[in-house]
Amino acid sequence: MRHSLLRGALTCLLLTPVVIAGCVVPPPSGSSGPPVAEVLPADARALAYGRSAGEVLENPQIRDKVRALFAADWGPPTPGGTGKLTLAAPQYFELGGPVRMVHIGAADYIAITGCAPQACTSRRGLLLIREGGDQLLARLDDGGFSHHHAYGSGAVGGPGGAVVMLESALRALERASDGSPFPRPAP
């Protein structure tokens with residue numbers, strides 16, 4: 001009896017990940033899959049707020065919005081702060097990539113990528129600014145964890161809703177950048 005109980009428990013433990021991973025829940029009726037994103041040819045719109053990540057973050061037209069987007073993550077982390085980033089948000093853009101345009105769904109976004117020079121593979125940032133500057137979305141990768149931020153009216157359901165938009169933009173940027181849209185520090 002005990003032997004068959006152990007065998008049953010072992011079988012259950014082995015099959016659970018397969019069953020969970022294999023479950024596919026269809027999207028709610030009337031909804032579609034993730035929005036398709038494509039990188040647009042460079043034009044003057046991409047440079048509306050600056051030619052580099054640093055210029056964009058300090059541009060007077062959106063500076064306050066960027067700070068509101070990152071909120072407490074804008075400044076350096078406090079000792080003992082839980083759930084906070086290991087660096088201040090601007091540091092994820094210190095080594096900035098090219099400023100580009102990305103079309104997602106029915107809107108165009110300025111896309112800025114960057115990373116922290118001392119940890120470029122694990123501390124990276126993606127900032128999307130919707131044309132007009134009223135909506136901002138951001139993803140900061142912090143050593144294996146991704147933090148998502150959303151700002152503005154119609155910001156796709158807050159940080160949770162921004163995930164789909166940011167992932168779609170990131171995939172498009174990866175396709176257009178030989179696999180990584182993030183800067184590559186000099187050796």
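Separating the OH atom in Tyr151 from the CG atom in Leu136 is a distance of 7.5 Å, to the nearest 0.5 Å. Going from atom OH of Tyr109 over to atom CE of Met101 covers 10.5 Å, rounded to the nearest 0.5 Å. With rounding to the nearest 0.5 angstrom, the NE2 atom of His147 is 4.5 Å from the CG atom of Leu85. For the atom pair Asp73 CG and Gln91 CD, the distance stands at 12.0 Å (nearest 0.5 Å). Considering CG of Leu69 and CG of Leu137, their distance stands at 8.0 Å, rounded to 0.5 Å. To the nearest 0.5 Å, the span separating CZ on Phe93 from CG on Leu57 amounts to 6.5 Å.
Within a 6.0 Å radius of CG in Asp178, no more than 12 heavy atoms belonging to other residues, nucleotides or ligands are found.
The stretch residues 95-111 participates, sequence neighbours left out, in these salt bridge (Lys or Arg N to Asp or Glu O under 4.0 Å) pairs: Arg45-Asp108.
For the pair Leu40 and Val102, the minimum side-chain heavy-atom distance is 4.5 Å or more. You'll find the side chain of Met165 stays beyond 4.5 Å of the side chain of Glu167, heavy atoms only. Looking at heavy atoms from C-beta onward, Leu170 lies out of side-chain contact with Thr113 at the 4.5 angstrom threshold.
In plain terms, the two heavy atoms of Pro183 and Gly97 that are nearest each other are CG-N, 3.4 Å. Here the closest heavy-atom approach between residue Val99 and residue Ala46 is recorded as CG1-O, 3.0 Å. Smallest separation of non-hydrogen atoms from Trp74 and Val66: CZ3-CG1, 3.6 Å. Counting all heavy atoms, side chain and backbone alike, Lys84 lies closest to Pro77 at CE-CA, 4.2 Å. Nearest approach of Ala37 to Ala172, heavy atoms of both residues: O-CB, 3.5 Å. Between Ser146 and His148, the closest heavy-atom pair is CB-CE1, 3.6 Å.
Aromatic ring pairs are classed by plane angle as parallel below 30°, tilted from 30° to 60° and perpendicular above 60°; the pair Phe70 and His149 is perpendicular.
Applying the side-chain hydrogen bond (donor to acceptor under 3.5 Å, both in side chains) rule to Gln61 yields no partners; only residues at least two apart in sequence or on another chain are considered.
Checked by atom type and distance alone, the side chain of Lys65 pairs as donor or acceptor with a backbone atom of Gly133 at under 3.5 Å. A donor-acceptor contact shorter than 3.5 Å links the side chain of Glu55 to the backbone of Arg51. At least one donor-acceptor pair under 3.5 Å links the side chain of Ser168 to the backbone N or O of Pro35.
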Please table the atom pairs, donor to acceptor, closer than 3.5 Å between any side-chain atom in residues 115-128 and protein atoms at least two apart or in another chain.
residue, atom, partner, partner atom, Å
Arg123, NE, Thr86, OG1, 3.0
Arg123, NE, Asp142, OD1, 3.1

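Test Ile110, Leu47, Ile129 against Val56 for side chain to side chain contact (heavy atoms under 4.5 Å, CB included) and you get one pass: Ile129.
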